[in-house]
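Each ligand, and each atom within it, is numbered from 1 in the order the structure gives. From a predicted model like this one, the values you see are computed outputs, not experimental measurements.
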Amino acid sequence: MTKPIHVTSEIGKLKVVMLKRPGVEVENFTPDMMPRLLFDDIPYLPVAQKEHDNFADTLRDNGVEVLYLEKLAAEAIDAGGDQVKDAFLEQMLAESGYAAGVLHNVLKEYLLSMSTQDMVIKIMGGVRKNELDFVPKDLVSAAEEKDYQFFMDPMPNLYFTRDPAASIGDGLSINHMTFPARQRESLFMETIIKYHPRFANQGLSVWRDRNHDTRIEGGDELVLSDTVLAIGVSQRTSANAIEDIARNLFKNDSGYEKIIAIRIPHNHAMMHLDTVFTMINKDQFTVHPGILGEGGHIDTWTITQGKDGELNLDHKTDLKQVLKDALHLDDLDLIPTGAGDPIVAAREQWNDGSNTLAIAPGTVVTYNRNYVSNRVLREHGLRVLEVLSSELSRGRGGPRCMSMPLVREDL
Ligand SMILES: NC(=[NH2+])NCCC[C@H](N)C(=O)O
């Protein structure tokens with residue numbers, strides 16, 4: 001029987017996916033909070049939701065079962081019972097800065113007064129100070145910045161379900177993310193895996209859990225085949241974390257034998273490998289020309305199991321050759337974002353023109369706004385399903401970031 005998580009490629013026919021419909025969290029902040037919350041603009045929520053529904057419908061119309069994070073999280077907590085709800089809240093409050101104290105108690109009481117679903121949505125959306133009829137008198141609260149509006153910050157990046165966890169084979173990584181703005185997000189997935197009837201006790205492997213200091217994010221984790229992964233060394237994923245997950249995958253019978261670490265520029269526009277490089281067919285990839293240096297070169301290290309738990313590293317800079325070798329291909333089509341035009345490529349990459357979601361070999365979902373990149377994909381023989389993108393793209397993520405595949409057919 002297929003496990004509730006089974007992903008052995010980036011391109012096998014997508015069967016089950018997890019999304020998060022944007023909610024109040026994507027507008028519950030002020031412009032001065034944007035850099036910290038990793039947003040570049042204030043989205044218009046009703047339109048963002050319409051666009052997201054268009055994305056979800058496109059997937060459903062193509063035979064994909066769509067699950068929603070916010071619903072799974074509430075179901076998992078309810079399935080776990082009162083103790084699980086209590087433990088979840090304690091952890092969430094601690095990670096929000098309230099391990100104990102008066103405010104901890106007030107917030108806990110407030111959140112427990114709601115249905116579990118409303119509680120989950122409230123935590124995701126953020127708790128404003130003016131929601132509570134409470135003026136803190138303790139020193140910690142008094143010393144806090146007075147005009148800051150929130151007791152608990154919103155989590156506007158939740159609709160990028162790709163990042164807090166990543167499906168790999170019959171398991172997943174639950175990620176310790178880089179920036180505080182996103183670190184609480186993976187607690188939802190941890191709770192779902194442990195307690196949701198669909199996932200709990202199904203023999204899923206957690207290749208690496210969220211209790212780490214080194215950081216990794218799903219946008220950097222690409223499942224190239226049933227034995228090969230690519231992982232970005234990026235603004236969000238450290239070399240240490242890659243070595244750590246490599247060791248765990250190699251020693252735990254995951255089926256994975258080779259990890260290609262690819263170093264990309266460390267900046268906000270290219271925060272993850274999937275913003276500059278995605279697999280879209282057995283022998284086709286999108287690549288943003290801006291990541292390739294002189295002669296089309298880029299640093300890659302192919303990591304394999306060495307003796308006595310050591311890792312072997314093979315440093316190469318010819319990405320095309322590295323991929324051909326790892327995937328046993330005679331040829332490979334690297335399709336440049338924005339047709340390789342430096343101005344168009346930079347513009348369309350900014351709006352996730354490279355961030356395609358393959359739902360079958362050669363069939364991809366992309367943002368409609370990246371019309372040059374979309375045309376080029378069609379010229380290379382791909383079937384391109386375009387989705388609406390004016391508001392969703394303001395969060396700096398595209399169709400791949402907005403989806404966490406749970407089950408794909410094997411190739
Ligand atoms: N897989 C991705 N490329 N995700 C994009 C995440 C965007 C989000 N605003 C962040 O900075 O974290």
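At a cut-off of 3.5 Å, with distance as the only test, no side-chain donor of Thr356 or Thr366 sits close to an acceptor on the other residue. Residues Glu348 and Tyr367 bring no donor and acceptor atom of their side chains to less than 3.5 Å of each other. Side-chain N/O atoms of Arg215 and Asn240 include no donor and acceptor closer than 3.5 Å. There is no side-chain donor-acceptor pair under 3.5 Å between Asn201 and Tyr195. No hydrogens or angles considered: a donor-acceptor pair under 3.5 Å links the side chains of Asp325 and Gln321.
Under 4.0 angstrom from ligand 1, the non-hydrogen atoms of Asp274 all belong to its side chain. Heavy atoms of Met271 found under 4.0 angstrom from ligand 1 belong exclusively to the side chain.
Seen from the ring of Trp207, Arg247 does not count as a face-on cation partner, given the 6.0 Å and 45° thresholds.
Distances below 4.0 Å separate heavy atoms of Thr275 from the following atoms of ligand 1: 3 (N). For ligand 1, the atoms closer than 4.0 angstrom to any heavy atom of Gly219 are 1 (N).
Considering backbone and side-chain N/O of Arg182, one or more are found under 3.5 Å from N/O of ligand 1. Taking any N or O of Arg396, backbone or side chain, none lies under 3.5 Å from an N or O belonging to ligand 1. For Asp163, a nitrogen or oxygen atom sits less than 3.5 Å from a nitrogen or oxygen atom of ligand 1, counting backbone and side chain alike. Checked against a 3.5 angstrom limit, the closest N/O atoms of Asn157 and ligand 1 fall inside it. Checked against a 3.5 angstrom limit, the closest N/O atoms of Gly397 and ligand 1 fall outside it. Remark: ligand 1 and Leu38 share an N or O pair separated by less than 3.5 Å (distance only, no angle test).
Between Phe150 and Phe29, the distance separating the two ring centers is not shorter than 6.0 angstrom.
Surrounding NZ of Lys324 are more than 12 heavy atoms belonging to other residues, nucleotides or ligands, all under 6.0 Å away.
Comparing His268, Met270, Arg236, Met402 against atom 10 (C) of ligand 1, the shortest heavy-atom distance belongs to Arg236.
Summary of contacts: the protein heavy atom closest to atom 2 (C) of ligand 1 is Cys401 SG, 2.8 Å.
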